[in-house]
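Each chain gets a letter, A, B and so on, in the order the sequences are listed, and its residues count up from 1.
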There are 2 protein chains.
Amino acid sequence: MDVFEAAAEPNRRHLLGLLAERDRTAGELVDSLPTLTQPAVSRHLRVLREVGLVEVRPDGQRRIYALKPDGLQRIDDWITPYRRFWRDHLAAPRLETP
Amino acid sequence: MDVFEAAAEPNRRHLLGLLAERDRTAGELVDSLPTLTQPAVSRHLRVLREVGLVEVRPDGQRRIYALKPDGLQRIDDWITPYRRFWRDHLAAPRLETP
DNA sequence: GGCTTATATAAGCGCAAACGTATACCAGTG
DNA sequence: CACTGGTATACGTTTGCGCTTATATAAGCC
(Lines give C-alpha, C1' and ligand atoms only; values in the text may rest on other atoms or scores of the structure.)
Protein backbone atom coordinates (compact mmCIF):
# COMPACT_ATOMS: atom_id res chain seq x y z
CA MET A 1 0.00 0.00 0.00
CA ASP A 2 1.36 3.40 -0.98
CA VAL A 3 0.53 6.94 0.12
CA PHE A 4 -2.07 7.43 -2.59
CA GLU A 5 -4.09 4.36 -1.70
CA ALA A 6 -3.79 5.19 1.97
CA ALA A 7 -5.22 8.65 1.41
CA ALA A 8 -7.92 7.32 -0.90
CA GLU A 9 -9.90 5.78 1.95
CA PRO A 10 -12.52 8.19 3.40
CA ASN A 11 -12.16 7.02 7.00
CA ARG A 12 -8.42 7.48 6.81
CA ARG A 13 -8.85 10.98 5.40
CA HIS A 14 -11.15 11.66 8.32
CA LEU A 15 -8.40 10.56 10.72
CA LEU A 16 -5.85 12.72 8.94
CA GLY A 17 -8.19 15.69 9.26
CA LEU A 18 -8.43 15.28 13.00
CA LEU A 19 -4.68 14.88 13.34
CA ALA A 20 -4.16 18.05 11.36
CA GLU A 21 -5.92 19.95 14.15
CA ARG A 22 -3.89 18.40 16.94
CA ASP A 23 -2.34 15.17 18.13
CA ARG A 24 -4.79 12.61 19.44
CA THR A 25 -4.80 9.35 21.35
CA ALA A 26 -5.88 6.20 19.57
CA GLY A 27 -8.97 6.19 21.77
CA GLU A 28 -10.05 9.64 20.63
CA LEU A 29 -9.65 8.58 17.04
CA VAL A 30 -11.69 5.44 17.65
CA ASP A 31 -14.45 7.56 19.16
CA SER A 32 -14.40 9.84 16.15
CA LEU A 33 -15.56 7.01 13.90
CA PRO A 34 -18.64 5.55 15.62
CA THR A 35 -19.56 3.37 12.68
CA LEU A 36 -16.29 1.43 12.99
CA THR A 37 -15.05 -0.89 15.67
CA GLN A 38 -11.86 -0.26 17.61
CA PRO A 39 -9.84 -2.86 15.68
CA ALA A 40 -10.95 -1.38 12.40
CA VAL A 41 -9.68 2.06 13.35
CA SER A 42 -6.50 0.53 14.75
CA ARG A 43 -5.81 -1.07 11.39
CA HIS A 44 -6.43 2.18 9.55
CA LEU A 45 -3.91 3.80 11.86
CA ARG A 46 -1.46 1.04 11.13
CA VAL A 47 -1.81 1.71 7.40
CA LEU A 48 -1.25 5.42 7.91
CA ARG A 49 1.79 4.58 9.99
CA GLU A 50 3.23 2.20 7.41
CA VAL A 51 3.03 4.72 4.58
CA GLY A 52 4.55 7.43 6.76
CA LEU A 53 1.51 9.68 7.05
CA VAL A 54 1.37 9.55 10.84
CA GLU A 55 3.67 8.68 13.69
CA VAL A 56 3.01 7.37 17.18
CA ARG A 57 4.55 7.99 20.53
CA PRO A 58 3.58 6.09 23.66
CA ASP A 59 2.21 7.96 26.64
CA GLY A 60 1.84 5.44 29.41
CA GLN A 61 -0.67 2.93 28.25
CA ARG A 62 -1.97 5.23 25.52
CA ARG A 63 -0.66 5.88 22.06
CA ILE A 64 -0.58 9.43 20.80
CA TYR A 65 -0.84 9.85 17.05
CA ALA A 66 0.55 12.81 15.15
CA LEU A 67 0.52 13.87 11.51
CA LYS A 68 3.79 13.52 9.64
CA PRO A 69 4.23 16.41 7.24
CA ASP A 70 6.46 14.78 4.67
CA GLY A 71 4.01 12.00 3.83
CA LEU A 72 1.34 14.21 2.31
CA GLN A 73 3.96 16.27 0.60
CA ARG A 74 4.64 13.36 -1.70
CA ILE A 75 1.08 13.58 -2.99
CA ASP A 76 1.45 17.32 -3.32
CA ASP A 77 4.61 16.87 -5.36
CA TRP A 78 2.68 14.69 -7.74
CA ILE A 79 -0.13 17.20 -8.12
CA THR A 80 2.13 20.20 -8.64
CA PRO A 81 2.65 19.87 -12.41
CA TYR A 82 -1.09 19.47 -12.92
CA ARG A 83 -1.73 22.62 -10.97
CA ARG A 84 -0.02 24.57 -13.69
CA PHE A 85 -2.23 22.76 -16.19
CA TRP A 86 -5.55 23.77 -14.72
CA ARG A 87 -4.37 27.29 -13.94
CA ASP A 88 -3.80 27.69 -17.66
CA HIS A 89 -7.03 26.05 -18.75
CA LEU A 90 -9.50 27.17 -16.13
CA ALA A 91 -9.96 30.81 -17.09
CA ALA A 92 -10.26 29.98 -20.77
CA PRO A 93 -11.49 26.38 -20.77
CA ARG A 94 -11.42 25.82 -24.52
CA LEU A 95 -10.04 28.05 -27.20
CA GLU A 96 -12.49 26.69 -29.72
CA THR A 97 -15.55 27.31 -27.58
CA PRO A 98 -18.09 29.32 -29.62
CA MET B 1 -15.34 5.22 -7.15
CA ASP B 2 -14.32 8.76 -6.29
CA VAL B 3 -11.48 10.98 -7.53
CA PHE B 4 -9.11 9.84 -4.80
CA GLU B 5 -9.46 6.15 -5.54
CA ALA B 6 -9.22 6.86 -9.24
CA ALA B 7 -5.93 8.70 -8.78
CA ALA B 8 -4.62 6.06 -6.38
CA GLU B 9 -4.02 3.53 -9.16
CA PRO B 10 -0.50 3.77 -10.65
CA ASN B 11 -1.53 2.94 -14.21
CA ARG B 12 -4.20 5.61 -14.09
CA ARG B 13 -1.69 8.16 -12.81
CA HIS B 14 0.50 7.17 -15.73
CA LEU B 15 -2.37 7.91 -18.12
CA LEU B 16 -3.03 11.25 -16.46
CA GLY B 17 0.63 12.11 -16.85
CA LEU B 18 0.52 11.50 -20.57
CA LEU B 19 -2.69 13.48 -20.95
CA ALA B 20 -1.12 16.38 -19.11
CA GLU B 21 1.41 16.66 -21.94
CA ARG B 22 -1.17 16.58 -24.69
CA ASP B 23 -4.40 14.97 -25.79
CA ARG B 24 -4.07 11.39 -26.94
CA THR B 25 -6.10 8.75 -28.71
CA ALA B 26 -7.16 5.68 -26.80
CA GLY B 27 -4.79 3.67 -28.95
CA GLU B 28 -1.79 5.77 -27.97
CA LEU B 29 -2.70 5.32 -24.33
CA VAL B 30 -3.02 1.57 -24.79
CA ASP B 31 0.42 1.48 -26.37
CA SER B 32 1.84 3.43 -23.45
CA LEU B 33 1.06 0.57 -21.08
CA PRO B 34 2.56 -2.52 -22.74
CA THR B 35 2.00 -4.69 -19.68
CA LEU B 36 -1.76 -4.24 -19.94
CA THR B 37 -4.23 -5.42 -22.54
CA GLN B 38 -6.41 -3.04 -24.52
CA PRO B 39 -9.58 -3.77 -22.51
CA ALA B 40 -7.72 -3.14 -19.27
CA VAL B 41 -6.63 0.32 -20.39
CA SER B 42 -10.11 0.99 -21.75
CA ARG B 43 -11.56 0.28 -18.33
CA HIS B 44 -9.07 2.58 -16.64
CA LEU B 45 -10.10 5.30 -19.07
CA ARG B 46 -13.72 4.66 -18.23
CA VAL B 47 -12.97 5.13 -14.54
CA LEU B 48 -11.12 8.38 -15.23
CA ARG B 49 -14.07 9.51 -17.32
CA GLU B 50 -16.65 8.66 -14.68
CA VAL B 51 -14.90 10.61 -11.94
CA GLY B 52 -14.44 13.59 -14.22
CA LEU B 53 -10.67 13.46 -14.55
CA VAL B 54 -10.69 13.13 -18.34
CA GLU B 55 -13.06 13.74 -21.18
CA VAL B 56 -13.41 12.18 -24.61
CA ARG B 57 -14.28 13.47 -28.00
CA PRO B 58 -14.75 11.26 -31.05
CA ASP B 59 -12.53 11.75 -34.07
CA GLY B 60 -13.79 9.43 -36.74
CA GLN B 61 -13.36 5.97 -35.46
CA ARG B 62 -10.91 7.09 -32.77
CA ARG B 63 -11.51 8.56 -29.37
CA ILE B 64 -9.37 11.44 -28.25
CA TYR B 65 -8.86 11.75 -24.52
CA ALA B 66 -8.09 15.01 -22.75
CA LEU B 67 -7.37 15.96 -19.17
CA LYS B 68 -10.13 17.79 -17.32
CA PRO B 69 -8.62 20.43 -15.05
CA ASP B 70 -11.35 20.64 -12.43
CA GLY B 71 -11.16 16.97 -11.48
CA LEU B 72 -7.70 17.10 -9.99
CA GLN B 73 -8.44 20.40 -8.37
CA ARG B 74 -10.75 18.61 -5.97
CA ILE B 75 -7.79 16.62 -4.65
CA ASP B 76 -5.77 19.80 -4.47
CA ASP B 77 -8.51 21.48 -2.45
CA TRP B 78 -8.30 18.65 0.04
CA ILE B 79 -4.53 18.91 0.36
CA THR B 80 -4.46 22.68 0.73
CA PRO B 81 -5.03 22.88 4.51
CA TYR B 82 -2.33 20.25 5.09
CA ARG B 83 0.09 22.26 3.03
CA ARG B 84 0.03 24.95 5.68
CA PHE B 85 0.66 22.24 8.26
CA TRP B 86 3.88 20.93 6.78
CA ARG B 87 5.10 24.39 5.87
CA ASP B 88 4.98 25.17 9.57
CA HIS B 89 6.51 21.92 10.76
CA LEU B 90 9.09 21.16 8.14
CA ALA B 91 11.74 23.72 9.01
CA ALA B 92 11.54 22.94 12.74
CA PRO B 93 10.32 19.34 12.83
CA ARG B 94 10.10 18.96 16.61
CA LEU B 95 10.58 21.53 19.26
CA GLU B 96 11.61 18.90 21.77
CA THR B 97 14.28 17.33 19.61
CA PRO B 98 17.55 17.18 21.57
C1' DG C 1 -21.78 -5.39 -48.84
C1' DG C 2 -17.78 -7.63 -46.73
C1' DC C 3 -13.21 -6.85 -44.28
C1' DT C 4 -10.24 -4.40 -41.25
C1' DT C 5 -9.16 -1.07 -37.60
C1' DA C 6 -10.34 1.25 -33.27
C1' DT C 7 -12.60 1.08 -29.08
C1' DA C 8 -15.85 -0.45 -25.70
C1' DT C 9 -18.45 -4.00 -23.07
C1' DA C 10 -19.35 -8.79 -21.00
C1' DA C 11 -18.13 -12.66 -18.33
C1' DG C 12 -15.33 -14.84 -15.13
C1' DC C 13 -11.42 -15.18 -11.98
C1' DG C 14 -7.88 -14.20 -8.39
C1' DC C 15 -6.49 -11.38 -4.96
C1' DA C 16 -6.23 -7.88 -1.62
C1' DA C 17 -8.85 -4.54 1.20
C1' DA C 18 -11.96 -3.67 4.83
C1' DC C 19 -14.74 -5.33 8.27
C1' DG C 20 -16.31 -7.79 12.81
C1' DT C 21 -15.47 -11.07 16.55
C1' DA C 22 -12.33 -12.85 19.47
C1' DT C 23 -8.00 -12.57 21.73
C1' DA C 24 -3.41 -11.08 23.10
C1' DC C 25 -0.43 -7.57 24.93
C1' DC C 26 1.02 -4.02 28.11
C1' DA C 27 0.65 -0.41 31.63
C1' DG C 28 -1.51 1.27 35.43
C1' DT C 29 -4.06 0.45 40.02
C1' DG C 30 -5.64 -1.68 44.10
C1' DC D 1 -0.59 -10.46 42.12
C1' DA D 2 -5.22 -9.98 40.18
C1' DC D 3 -7.88 -6.77 37.62
C1' DT D 4 -9.07 -3.10 34.58
C1' DG D 5 -8.36 0.01 30.70
C1' DG D 6 -6.15 1.04 26.30
C1' DT D 7 -4.47 -0.69 22.10
C1' DA D 8 -2.85 -3.97 18.82
C1' DT D 9 -3.03 -8.51 16.39
C1' DA D 10 -5.24 -13.04 14.51
C1' DC D 11 -8.55 -15.04 11.90
C1' DG D 12 -12.26 -15.77 8.86
C1' DT D 13 -15.59 -13.62 5.71
C1' DT D 14 -17.35 -10.55 2.35
C1' DT D 15 -16.80 -7.38 -1.28
C1' DG D 16 -14.89 -4.91 -4.94
C1' DC D 17 -10.89 -4.03 -8.02
C1' DG D 18 -8.01 -5.15 -11.74
C1' DC D 19 -6.94 -8.45 -14.96
C1' DT D 20 -7.59 -11.61 -19.30
C1' DT D 21 -10.23 -13.74 -22.93
C1' DA D 22 -13.93 -13.30 -25.82
C1' DT D 23 -17.32 -10.53 -28.07
C1' DA D 24 -19.94 -6.40 -29.51
C1' DT D 25 -20.17 -1.90 -31.76
C1' DA D 26 -18.98 1.34 -35.03
C1' DA D 27 -16.24 3.75 -38.53
C1' DG D 28 -13.19 3.43 -42.67
C1' DC D 29 -11.91 1.15 -46.90
C1' DC D 30 -12.05 -1.87 -51.03
Side-chain angles (χ1 to χ4, degrees), chain A residues 1-19 22-68 71-72 74-75 78, chain B residues 1-19 22-68 71 75 78:
Chain A
M1 169 110 42
D2 67 348
V3 192
F4 290 90
E5 293 177 36
E9 218 281 331
N11 292 315
R12 287 197 285 263
R13 283 203 304 280
H14 170 84
L15 295 173
L16 293 175
L18 292 180
L19 294 176
R22 55 178 153 87
D23 298 359
R24 314 246 181 181
T25 66
E28 288 181 277
L29 297 171
V30 168
D31 294 344
S32 77
L33 285 169
T35 66
L36 294 188
T37 61
Q38 176 266 322
V41 178
S42 185
R43 264 181 287 100
H44 281 305
L45 290 171
R46 178 216 259 256
V47 170
L48 294 175
R49 244 184 294 138
E50 286 174 349
V51 302
L53 283 175
V54 305
E55 62 189 358
V56 205
R57 58 177 191 275
D59 174 40
Q61 80 187 123
R62 327 212 166 173
R63 301 269 188 149
I64 299 185
Y65 280 82
L67 199 59
K68 275 187 75 175
L72 279 169
R74 278 190 280 160
I75 300 184
W78 172 75
Chain B
M1 169 115 36
D2 66 349
V3 190
F4 290 90
E5 293 176 34
E9 219 280 332
N11 292 315
R12 286 196 286 262
R13 283 204 303 279
H14 170 85
L15 295 173
L16 292 175
L18 292 181
L19 293 177
R22 55 177 153 88
D23 298 358
R24 313 247 182 182
T25 67
E28 288 181 278
L29 298 170
V30 168
D31 293 344
S32 78
L33 286 168
T35 66
L36 295 189
T37 60
Q38 176 265 322
V41 178
S42 186
R43 292 198 64 122
H44 282 308
L45 290 172
R46 176 214 260 257
V47 170
L48 293 175
R49 244 184 295 138
E50 286 174 351
V51 302
L53 282 174
V54 305
E55 61 188 358
V56 205
R57 60 177 188 276
D59 174 39
Q61 80 187 124
R62 327 212 166 170
R63 301 268 186 151
I64 299 184
Y65 280 83
L67 198 59
K68 275 187 75 174
I75 300 185
W78 172 76

Within this structure, what is the [atom1]-to-[atom2] distance between [X] and [N], rounded to whole angstrom?
X	N	atom1	atom2	answer
B:M1	D:dG18	CE	C1'	9 Å
A:R62	D:dT4	CZ	P	18 Å
A:H14	C:dA18	NE2	C1'	17 Å
B:N11	D:dG18	CG	P	9 Å
A:E5	C:dA18	CD	C1'	13 Å
B:E50	D:dG16	CD	C1'	14 Å
B:I64	C:dA6	CD1	P	13 Å
A:R24	D:dT7	CZ	P	14 Å

Would you say [N] has OP1 or OP2 under 4.0 Å from some side-chain N or O of [X]?
X	N	value
B:H44	D:dC19	yes
A:R46	D:dT7	no
B:Y65	C:dA8	yes

Pick the closest DNA chain C nucleotide for A:E9 and for A:G60 by heavy atoms, then say which residue is nearer the 5' end.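 Counting from the 5' end, the first nearest nucleotide belongs to A:E9.
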Polar side-chain contact B:Q61-D:dG28 base: donor and acceptor under 3.5 Å: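 No such pair is found, so the answer is no.
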Base C:dG20 to side chain A:R43, donor-acceptor N/O within 3.5 Å cut-off: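 It does, because a donor-acceptor pair links the side chain of A:R43 to the base of C:dG20 below 3.5 Å.
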In residues 28-41 of chain A, which residues come under 4.0 Å of DNA chain C by heavy atom?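 Only A:T35, A:L36, A:T37, A:P39, A:A40 qualify.
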Compare every heavy atom of [Y] with every heavy atom of [X], then report the nearest pair and how far apart it is.
X	Y	answer
B:L18	B:R24	O-NE, 3.4 Å
A:L15	A:S32	CD2-OG, 4.1 Å
B:A7	B:I75	CB-CD1, 3.8 Å
A:L67	A:L19	CB-O, 4.0 Å

Proximity to the side chain of B:R63 - top-ranked nucleotide from D:dC19, C:dA8, C:dA18: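 So the side chain of B:R63 is nearest to C:dA8.
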As an exercise, state the distance from OH of A:Y65 to CG of A:L45, rounded to the nearest 0.5 Å.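 Going from the OH atom of A:Y65 to the CG atom of A:L45 covers 4.5 Å.
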So, A:R57 and A:D23, do they make that salt bridge, N to O below 4.0 Å?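 Here A:R57 pairs with A:D23 in a salt bridge, since their nearest N and O are under 4.0 Å apart.
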Other residues, nucleotides and ligands only: do more than 12 of their heavy atoms fall within 6.0 Å of CZ on A:R62?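 For A:R62, atom CZ is not crowded (no more than 12 foreign heavy atoms under 6.0 Å).
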